[in-house]
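In what follows, chains are A, B, ... by sequence order, proteins preceding strands, each numbered from 1.
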Amino acid sequence: MEFSELEQQRVDKIHQMREAGIEPYPTRVERTHSIMAARAQFEESEGEAEAAPIQATLTGRMRSLRAMGKIVFSHIEDATGTVQLFLRINDIGEESFKQSREFFNIGDHIQASGVMFRTRTGEISLRVQSCKMLAKSILTLPAAKNVEGEDGEVVQHATLSDPEVRYRQGYADLAVNPDVRELFRVRAGVVQSLRDFLNERDFLEVETPILQPIYGGAAARPFVTHHNQLHQDLFLRISFELYLKRLLVGGLDRVYEIGRDFRNEGVSFKHNPEFTQLEFYMAYADYLQIMEVTEQMVSTVAQKTLGTHIIQFDEHEIDLTPPWKRIELRQGLIDVVGIDIDEHQTAESLQAAMTAKGLKAKPGSPRGKLIDAMMGDYLEPSFIQPTFLYDYPRDISPLAKSKPGDPQTVERFEGFIGGMELCNAFTELNDPLDQESRFLELGRTYEDGDEEKNPMDEDYLRAMSYGMPPCGGFGIGVDRLVMLLTNRRSIREVILFPHLRERDRGEE
RNA sequence: GGCCCAUUAGCUCAAUUUGGCAGAGCAGCUGACUCUUAAUCAGCGUGUUGAGGGUUCGAGUCCCCCAUGGGUCACCA
């Protein structure tokens, strides 16, 4: 490690401490209360006439330091809160006081024992009788501080804001920005609420392979890896779908999985190469029932984690209360772009209609992709309030069941909130012969080199041939849900250690 | 991948317009101060201005190139 002069001073202190017989990174720690518990116990005792003093040993990171002659004020912070320490030379002794002043810096983890009391200004504090270093910091954490300038303007100093540092050094971001810590508590609450919701409805949580010999269940390019001993290429999964539906064949009627998907595609404010997905499959249900479950699930999660169905996202106030708006895809496109996809059964015809309307249409795209592109460009951004878009073209939905009496359309819906696609669901195709022909259809539609082409999964077809119960399936991007519930516009804000390009270290 | 913007002290930012000694606040260091919380007071600037090259008497500033980040377009269930 190379240190700046500032950092070298801290390293020198570490050596000086050891010379003075003080271990800067001791092995044993004592702690009698969390900071929150000590504060609560003290406040309770204040109400009693003859309460015994609250003796406490607290631990935390030093966040502020105000030394004035023979007393020192400092705030320490643990996961539960902050409390002021009051160090007085009379209480801890001259030698100990001197060492504290010499060796303690903002950012250090320390342990302090003493009695809870209130200062003259009324702040709950710990009158320290003894203290010790738990872990010396070398790099300085920015200490957020608000200072009023000469012109009366309040300037906030030294809060970490460079996005590159915040993402690359998430630990520093968390240490310095309390709202980031709070965000990940909300995230954990969201995941917990999702689990609770499904568990209460008799869903079984399962774990299926991440390393897969054949990828599928979505139109996306995979990451490829290799098993050395087996001499076999493997793919990181792009969805859980095909494995979870095998479980329905096996008699697990309601299953779900929360885990990581990997897609080898562009990154953006709403795409990270790895992201957290929830998928569930529910036997003896169709997509209409799944819509109802979806509304209930998302609004329940919001209620449990935020205490409300009304969320603020960007400039929008969004009401998650069921039922959500439902728009048929075909009708939505008629209303917004003025094209009836039913009148254009071939890619060529649709392409011509789009060009005539002045819409951009990538030449040579299959019909389904053109429809999908129109939907993404013109419908998706306008769906701020929760909206289900339903009934999709068959050729972009190879795993969904056709609508009765309308073989070109499948029972599929996507849910949108805040102008973002949030979830995707359908009545699952359970006819193995139809499924096989869908796979073959796809093989013809996509070029051989197109990695989005779903490879034929023979084992999946075999499973389905044993008889898969009619079911509804559902997938939701958990990161995007967290973005909505925490009002963050970038997926990187809600992921710990989001992927960034590797720094060029060639010169070191 | 294309285009635009950014990168200056540990952190947040000036100085770039018109090339002329690289500066503040916070934190840090030295000293004073026994109830502060923006502590206060007196001092100290700690830097390969993202990397490399060029123009120039002189470059943080202008030019080229590279890297990283952000935005946007392309791409993308």
Handout entry: Side-chain donor/acceptor of Gln9(A) to base of rU46(B), under 3.5 Å
Key = no

Handout entry: Asn90(A) (side chain) and rU34(B) (base): donor-acceptor pair under 3.5 Å
Key = yes

Looking only at side-chain N and O atoms, does [X] come under 4.0 Å of OP1 or OP2 in [N]?
X	N	result
Ser161(A)	rU12(B)	yes
Arg168(A)	rG69(B)	yes
Asn105(A)	rC29(B)	yes
Arg501(A)	rG69(B)	yes
Lys13(A)	rC29(B)	yes

Exercise for the section: If rG50(B) has a Watson-Crick or G-U wobble mate with both distances under 3.5 Å, name it; if not, just say none. Expected result: rC66(B)

Problem - Residue matched to rA42(B) through Watson-Crick or wobble contacts both under 3.5 angstrom - result: rU30(B)

Problem - Step-by-step salt bridge (Lys or Arg N to Asp or Glu O under 4.0 Å) determination, Asp457(A) to Arg246(A) - result: CA-CA 12 Å; Asp457(A) 189 333; Arg246(A) 283 170 167 93; 3.2 Å; yes

Counting any heavy atom closer than 4.0 Å, what does [X] reach on the DNA or RNA strands: base, sugar-phosphate only, or nothing?
X	value
Phe269(A)	nothing
Leu139(A)	nothing
Glu123(A)	base

Nearest to side-chain heavy atoms of [X], which nucleotide of [options]:
X	options	value
Lys369(A)	rG10(B), rC76(B), rU36(B)	rC76(B)
Leu500(A)	rC11(B), rG69(B), rA77(B)	rG69(B)
Arg120(A)	rU46(B), rG28(B), rC35(B)	rC35(B)
Phe73(A)	rA27(B), rC35(B), rG10(B)	rC35(B)

Problem - Between Gln129(A) and Gln55(A): side-chain donor-acceptor atoms closer than 3.5 Å - result: yes

Practice task
Would you please say whether a donor-acceptor pair under 3.5 Å links the side chains of Arg367(A) and Gln408(A)?
Solution key: no

Problem - Length of the line joining Gln169(A):CD and rC11(B):P, which is rounded to integer Å - result: 8 Å

Completion exercise
Assert: residue with more 5' nearest nucleotide on RNA chain B, out of Leu65(A) and Thr119(A), is Leu65(A)

Exercise for the section: Hey, which sits more toward the 5' end of RNA chain B by its nearest nucleotide, Arg480(A) or Asp162(A)? Expected result: Asp162(A)

Practice task
Determine the interatomic distance between P on rU55(B) and the same-named atom on rU61(B); round to the nearest Å.
Solution key: 15 Å

Handout entry: Aromatic plane relationship, Phe262(A) with Phe223(A) - under 30° parallel, 30 to 60° tilted, over 60° perpendicular
Key = perpendicular

Practice task
Taking the six-membered ring of Phe388(A) (Phe, Tyr or Trp), confirm whether the NZ or CZ of Arg326(A) is under 6.0 Å from its centre and within 45° of its axis.
Solution key: no

